[in-house]
Each structure stands twice: as structure tokens, then as C-alpha cells.
Amino acid sequence: MRDRVPAVVSAPARPRSVVFRGGLLVTQDPARRVLRGDLRVEGGKISAVGDVGRGGADEEVDASGFAIVPGFVNVHTHVAMAPLRAIADDRELAGFLETLFAVDARRTESDVEAGARAGIAELLLSGTTSFLDLYYFEDAVARAVESLGIRGFLGWAVLDPELTTQKGVPVENARGFIRRWKGHELVSPLVAPQGVYVCGKETWLRARELAEAEGTLVHYHLSETRREVHEHQSKTGQRPVVWLEEIGFLGPRSVAAHAVWLTGEEIGLLARRQVGIAHCASSNLKLASGGVAPVVELRSAGATVGLGTDSVASNNSLSMLREMHVAGLVQKNQRWDATALSAQELLDFATVDGARLLGRAADLGSLEVGKQADLSLFRLDHPTMFPARPEAVVSHLAYAASDEAIDSVYVAGAPVVRQRTLVRADWNAIRRGGEAAADALWSSRPK
Ligand SMILES: [Zn+2]
């Protein structure tokens with residue numbers, strides 16, 4: 001029978017042109033149009049939206065049973081931590097960190113790569129096409145990005161040289177990483193100060209200088225817990241955001257993760273300095289950060305907010321569908337206001353606003369002519385997409401859709417997932433490599 005099964009013709013990595021016919025297009029364009037129509041892609045970019053005519057294409061996709069949605073942008077994660085899912089559940093932050101630091105110190109570049117491949121597989125299978133990462137051994141993550149075909153914005157973690165387990169000076173390691181990968185089509189390298197608890201003034205300023213010299217983003221953890229804020233205050237006399245302003249660090253092209261514990265003054269400062277915010281609702285809830293990030297106030301002050309899953313050690317999922325859902329519910333409940341964060345705003349966080357945070361508003365985050373064809377096809381016949389009405393589809397994406405409704409995912413017009421199967425790698429091979437890494441890491445955790 002085997003020879004009667006049509007051979008899987010390996011399509012060119014990126015066909016010159018693709019036409020998606022008759023999909024329900026969730027454009028996320030400035031008017032937030034949802035329309036029934038076609039989408040044409042040429043050379044990896046969207047060249048027509050709506051009626052594209054009958055002209056031929058290298059590849060035609062019958063999209064009539066699908067919603068076509070911009071690929072999600074996850075603006076805070078640590079993908080290589082995939083093998084650490086569930087390793088420190090239901091623990092106070094101090095115990096959680098103790099386990100994580102002990103295991104982290106034993107990681108090797110090869111188990112980071114194996115872990116990153118598993119994490120990226122999960123991202124792609126849940127419709128994420130761009131992610132912002134903070135870790136070390138980022139060359140290994142970059143290789144995983146390149147081979148699986150996602151877009152990685154990869155931040156090399158920096159901290160004070162006397163506190164690191166990295167060989168050499170972290171900021172110099174970050175510089176080397178940036179220089180090795182700058183200009184790559186899918187990998188955007190950057191520098192990532194870990195947080196005020198391990199970075200002194202010198203480290204923050206050297207990271208900022210490096211980002212400016214190389215023209216990259218800077219990404220960091222900020223005011224995640226009350227303890228972090230109080231300890232910084234007793235050490236320096238200032239809250240973290242005020243202190244970062246004072247030392248001259250705050251500025252544009254930067255993305256702060258968490259931003260849970262902020263005063264009104266700090267909200268104003270972050271907005272004025274054009275700092276982007278990666279809101280990590282699930283991670284904050286699971287680690288019992290206690291507060292809820294003031295994302296409504298941050299947005300009213302003019303800051304851009306996106307969503308981050310954080311790692312699977314603290315979430316425990318990389319699904320952006322779940323993240324939209326949780327972020328919406330927690331704001332509504334916390335504020336006693338069911339109108340807080342609409343489904344449309346949540347989808348904006350996960351797409352156009354995330355792209356803006358990465359400095360890529362011009363070419364990522366929506367289905368518009370001239371943008372990269374990064375998109376997912378959601379099955380309209382899936383139970384969690386029912387009723388498949390155009391006016392309900394944004395709500396389904398924010399509140400109801402399961403990752404299982406995602407059939408195919410494209411990055412720059414090239415398929416990376418088809419029929420819920422990775423195109424460029426075999427999940428079972430990734431899983432076996434990741435499990436070998438997990439065995440070594442789990443056996444080294446403190447009891
Ligand atoms: Zn984090």
C-alpha cells in the first residue's frame with residue numbers, strides 16, 4: 001500500500017508565491033477588519049488581501065474552512081527551559097528559584113539546544129511565530145530557531161560578573177552573540193539584563209550602551225515581586241523603575257517583563273520613556289506575585305503592552321491562546337469591570353502590539369500588504385471555534401479556541417506546521433532529545 005500513498009512532495013522551503021483562497025481573514029489591520037477573502041503571498045511577504053484574482057501561484061491553499069490569523073508574538077519566555085516543566089510546581093518563589101538556580105547551573109549548551117527545540121515546537125504548534133527570549137547559551141537557541149523556522153528575538157542574559165555562572169564577562173558574551181547573529185533573517189540577537197537583584201548600575205549601563213552601539217533591543221525582568229521592590233529600595237533608597245531612570249537606563253527599544261508592582265509615578269515614567277511591557281499574567285498568578293500588573297493604567301499612560309508566557313517552569317504552557325484568556329479574566333475580575341480588556345484588545349496584545357514592542361510594527365503582527373506572511377490557519381469546524389461566525393471569531397481566539405484548532409502555521413510564507421505536524425523537524429526526535437536532557441536535569445534537582 002505504501003506506494004499508493006501520495007509522496008510528500010517536499011515543497012520548496014519558501015514557494016515564490018502562495019494564494020490562500022476564501023479564508024476568514026482576521027486581518028488585525030488598522031480598521032481591525034474581519035473579512036472573507038483571499039491572501040496572496042510573494043517572496044515571503046503579503047502582496048494582496050481580499051480579492052486577489054484568479055492568477056496562478058506556486059502553491060494554492062483552499063482556506064475556505066479556516067480563519068487566517070496573524071502569527072502570535074510572545075514577548076517574554078525562556079524556551080530552553082522546556083525540560084523543566086513541572087520541576088518546581090506549587091512552591092513559594094524562594095523555593096522555586098532555589099530549584100531553578102541549582103538546575104540551571106548544570107546546564108550545557110547541548111541540553112539548552114535540545115530544550116529550545118522542544119519549546120519552539122510547542123510555540124509553533126500553538127500559533128506563535130515570533131518570540132522574545134531571555135537566557136544564556138543563546139547560540140544554541142538560535143540554531144534551534146534557524147532549523148525549526150520560527151522568528152527568535154534572543155536576549156543574552158547579563159548580570160554582574162561576580163554573580164554569574166557564565167564563563168567570561170556576561171556583557172562581552174552578549175556582544176559576541178549579537179555580532180555572530182546580527183542580520184540573520186530569523187534570529188534577532190539582543191542583550192538582556194536579568195533584573196535589579198543581580199545587575200548593578202554598571203551592568204545596566206553597559207547593556208544599554210551595547211544595545212545602542214549594535215542597534216538592538218534590550219529586554220529585562222522588572223518589578224515582578226514585592227520582595228524585589230522592597231529589597232532594591234532598602235539597598236538604594238529607590239524603587240526599581242525610579243532608580244533605572246535615575247541611572248540613565250530607561251529608554252525606547254526596551255521591553256520590561258512583568259511590571260507588576262508599580263506606583264503611579266513609575267507607570268508615568270515607563271510610558272514617557274517608551275518602555276514596552278511584557279505582561280505575564282499566568283506566571284504571576286501561579287507564583288502568587290499577589291498583585292496584578294496595572295496594564296490598563298500603563299496603556300492609558302501610553303505604554304505598549306504585549307503578552308509573555310514566561311517559561312514552562314512557571315506557567316506551565318507556552319500557549320498564547322491561554323495567555324490571552326487568563327490576562328483578560330484577571331483584569332476583569334481584579335477591577336470589578338467586565339469591560340476591562342476586550343477580546344479585541346487581547347488579540348491586539350498578542351499580535352500587533354507585540355510586534356510594536358519588538359520594533360517590528362512595520363512588517364509583523366497583521367495581515368497587510370507588505371508585511372511578512374507569518375500566519376496561522378484555525379479550523380472553523382473545531383468545536384472551540386463554534387459558532388464560526390465572522391463577528392465572533394475574535395472572541396473565540398481570545399476566550400475559547402484551543403491550540404488543537406490550529407491546523408497550519410506559516411513563517412515568511414513558508415509552512416512550518418501542516419495538519420498539526422511540524423514540517424521541518426520530527427516531534428518524536430525532538431522529544432527524545434529533550435527527554436535525555438530532562439533526565440539529567442531532573443536528577444540534579446535539590447530534594
Ligand atoms: Zn522570565
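Just follow the structure's listing: the first ligand is 1, and inside any ligand the first atom is 1.
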Under the side chain to side chain contact (heavy atoms under 4.5 Å, CB included) test against Asp353, which residue among Val75, Leu347, Thr304 passes? Thr304
Calculate, to the nearest 0.5 Å, the distance between atoms CE and CD1 belonging to Met385 and Ile406 respectively. 9.0 Å
Which pairs would a plain distance check flag for residues 242-260, meaning a side-chain donor or acceptor within less than 3.5 Å of a matching protein atom at least two apart in sequence or in another chain?
unit_1: Glu245; atom_1: OE1; unit_2: Arg273; atom_2: NE; d: 2.9
unit_1: Glu245; atom_1: OE2; unit_2: Arg273; atom_2: NE; d: 3.2
unit_1: Glu245; atom_1: OE2; unit_2: Arg273; atom_2: NH2; d: 2.7
unit_1: Glu246; atom_1: OE2; unit_2: Gln238; atom_2: NE2; d: 2.9
unit_1: Arg253; atom_1: NH1; unit_2: Gly215; atom_2: O; d: 3.0
unit_1: Ser254; atom_1: OG; unit_2: Tyr220; atom_2: OH; d: 3.2
unit_1: Ser254; atom_1: OG; unit_2: Gly251; atom_2: O; d: 2.9
unit_1: His258; atom_1: ND1; unit_2: Asn284; atom_2: ND2; d: 3.0
unit_1: His258; atom_1: NE2; unit_2: Asp310; atom_2: OD2; d: 3.4

Return the set of protein N, O or S atoms whose distance to the Zn ion (ligand 1) is under 2.8 Å, each given as residue and atom. His76 NE2, His78 NE2, His221 NE2, Asp310 OD1
I'd like a table of donor-acceptor pairs (distance under 3.5 Å, sequence neighbours excluded) in which one partner is a side-chain atom from residues 96-104, with atom names and distances.
unit_1: Thr99; atom_1: OG1; unit_2: Arg91; atom_2: NH1; d: 3.3
unit_1: Thr99; atom_1: OG1; unit_2: Gly95; atom_2: O; d: 3.3
unit_1: Asp104; atom_1: OD1; unit_2: Tyr135; atom_2: OH; d: 2.6

Between Thr309 and Asn74, do the side chains contain a donor N or O and an acceptor N or O under 3.5 Å apart? yes
Give every residue pair that meets the salt bridge (charged side-chain N to carboxylate O under 4.0 Å, His left out) criterion with at least one member in residues 321-338, sequence neighbours excluded. Glu297-Arg335
